[in-house]
2 protein chains.
Amino acid sequence: MATGRTHRPATRSRGIPEATVARLPLYLRALTALSERSVPTVSSEELAAAAGVNSAKLRKDFSYLGSYGTRGVGYDVEYLVYQISRELGLTQDWPVVIVGIGNLGAALANYGGFASRGFRVAALIDADPGMAGKPVAGIPVQHTDELEKIIQDDGVSIGVIATPAGAAQQVCDRLVAAGVTSILNFAPTVLNVPEGVDVRKVDLSIELQILAFHEQRKAGEEAAGDAGVAPPVAARKQQHATGSAEQGPDGDVPAVMPA
Amino acid sequence: MATGRTHRPATRSRGIPEATVARLPLYLRALTALSERSVPTVSSEELAAAAGVNSAKLRKDFSYLGSYGTRGVGYDVEYLVYQISRELGLTQDWPVVIVGIGNLGAALANYGGFASRGFRVAALIDADPGMAGKPVAGIPVQHTDELEKIIQDDGVSIGVIATPAGAAQQVCDRLVAAGVTSILNFAPTVLNVPEGVDVRKVDLSIELQILAFHEQRKAGEEAAGDAGVAPPVAARKQQHATGSAEQGPDGDVPAVMPA
DNA sequence: AACTGTGAAGTGTTTCACAGCG
DNA sequence: CGCTGTGAAACACTTCACAGTT
């Protein structure tokens, strides 16, 4: 979705897998903790444990960055912190605007981990004129009217949307028009953005629903009899291939989830 | 990747892929919106657009649930809402506790999408005695001492951790000991949980770092010359250089990690 | 001896493309 | 004809297992 293809001309294409990129911050956090304890080196096994992954995956991930370890020894903590930071672009300053200073926006503004990496809250923006000027986390809230000006003046390229769902797309459009090219969306809506703009979303309700799915599986083993309400409309259709062939061609090995 | 093999006797093995499960809430939201507009049926193409995925993926996803569409026509909205809700376990009531009622916890307690699905905030818990009794989102905050009692009395199986990082593991241990088997973690820490307990994490700082990575790519195409500080220690090593496919569409990386 | 780096195999996910049904 | 449902191909990611290095 969002990102669309980026048909890069393959400038020597480093090509770090997306899954690896998503784990780099995890490694970085673990490494930072080690660094604070002045641990000089760490093995893939130890670091993997601290980051909650397995060591093969970690080594594979690092192999995309380069050969930064020493066989028989492990990885130099400081050096790796630097390399990962650089890879993630955290050696530079990223001004960020947060739009929508309700409960959540305020929480985000106060969030420490925010500033701790290269991120700097450049501005807090809210549509409520009554909020204008009020300081949140030490930063005065500004009115939406200022949005374009702020973004241009500060060279903001990352925006955080913490507005109600109804306002999100509109805010998004304005952010993008003003030059923002990466958006972190907390509103429960699918955002439409032009090619070249990245959107990541964080959705509490979705996370809970996924947990509920697994939770349900744990509880009800056999009893398929569901206690909920009855299907609303339409005739009930049969439930997919009942006992028959269907999936596992050869060695069964049923998928992740059992039933 | 959930719980590796789950031994289970393969009761007709439904086996819905994790990636599909993660998208069901998205479909459900889009369908709910259609339902509110009294749209009777929808094609895979339309629904996919509303959910921000492509139609082939959507059809494949639905095929894991069963044959719920009508060829030449599309899907019955109400019927599909029900089927997905049931699959996700939302036709039942899920009491949830939120631990850590700071800025973020309060935001979560107030979050509407919470209650809108089967989730019910059974209790708000905080370690600060000064907060005890204070109502947040209409619910009085209770002290951590009550944690075990609340969970057992209300049969809570899902816990949300919104405490500072330092307290998270301890809270997690208590939640698990009291009977919680699914945890949504907002604290920037890796939680250790016993086998059978699901943890999903939401980490603002990680999301931003991933955006920064892509942002950096957009900006500096060729100029590998980084303006940041110089590497701290150790000799620089060469850069690997895999030549190959690069980046693809955004794909969300699921994060269930059992243990 | 200890540990990294990585091909190769295994597993999961997406996309294609079209048969099949209403 | 239109649209779903799905094998098969393509792609992505993870894990294995061991060669290679210090």
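Predicted model, so just to flag it, every value in this text is computed and none were measured. Chain A is the first sequence line, chain B the second, and so forth, proteins listed ahead of strands; every chain is numbered from 1. Every heavy atom of this structure was used, including side-chain atoms; hydrogens, water molecules and symmetry mates were not.
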Self-check item: Check: Ser205(A)/Gln209(A) side-chain N/O donor and acceptor closer than 3.5 Å
Solution: yes
Would you kindly give the [atom1]-to-[atom2] distance between [X] and [N], to the nearest whole Å?
X	N	atom1	atom2	value
Leu24(B)	dT13(C)	CG	P	13 Å
Glu18(A)	dA12(D)	CD	P	11 Å
Asp76(A)	dT22(D)	CG	P	16 Å
Lys57(B)	dG12(C)	NZ	C1'	13 Å
Ile16(B)	dT13(C)	CD1	P	12 Å
Lys60(B)	dC16(C)	NZ	C1'	10 Å
Glu46(A)	dC3(C)	CD	P	8 Å
Tyr79(A)	dT4(C)	OH	P	16 Å

I'd like to check [X] versus [Y] (side-chain heavy atoms, cut-off strictly below 4.5 Å). Are they in contact?
X	Y	result
Leu31(B)	Tyr75(B)	no
Asp198(B)	Ile210(A)	no
Leu47(B)	Phe62(B)	yes

Exercise. Between Asp61(A) and Asn54(B), name the one whose nearest nucleotide on DNA chain C is closer to the 5' end.
Key: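 Per heavy-atom nearest nucleotide, the more 5' residue is Asp61(A).
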Quiz item: Between Arg23(B) and Gly72(A), which is nearer to the 5' end of DNA chain C once each is assigned its nearest nucleotide?
Solution: Gly72(A)
Quiz item: Would you say Glu87(A)'s side chain and Gln83(A)'s backbone share a donor-acceptor pair under 3.5 angstrom?
Solution: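 Not a single qualifying donor-acceptor pair exists.
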Practice problem: By nearest nucleotide on DNA chain D, pick out whichever of Arg59(A) and Arg71(A) is the more 5' one. | Solution: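 Looking at the nearest nucleotide for each, Arg59(A) comes out on the 5' side.
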Practice problem: Go through dG7(D), dG5(C), dT4(D) for me and flag the one nearest to the Ser67(A) side chain. | Solution: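 Nearest listed nucleotide: dG5(C).
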Just list the side-chain donor-acceptor pairs under 3.5 Å for residues 19-26 of chain B, sequence neighbours left out, or say none.
residue: Thr20(B); atom: OG1; partner: Asp61(B); partner atom: OD1; Å: 2.7
residue: Arg23(B); atom: NE; partner: Asp61(B); partner atom: OD2; Å: 2.7
residue: Arg23(B); atom: NH2; partner: Asp61(B); partner atom: OD1; Å: 2.9
residue: Arg23(B); atom: NH2; partner: Asp61(B); partner atom: OD2; Å: 3.3

Self-check item: Partners meeting side-chain contact (heavy atoms from CB on, under 4.5 Å) with Gln169(A) (sequence neighbours left out)
Solution: Cys172(A), Asp173(A), Leu191(A), Asn192(A)
Practice problem: Using a heavy-atom cut-off of under 4.0 Å over every strand shown, decide if Tyr75(A) touches base, sugar-phosphate, or nothing. | Solution: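 Sugar-phosphate only.
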Quiz item: Among residues 33-45 of chain A, which contact DNA chain C at a heavy-atom distance under 4.0 Å?
Solution: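 Heavy-atom cutoff 4.0 Å gives Ser43(A), Ser44(A).
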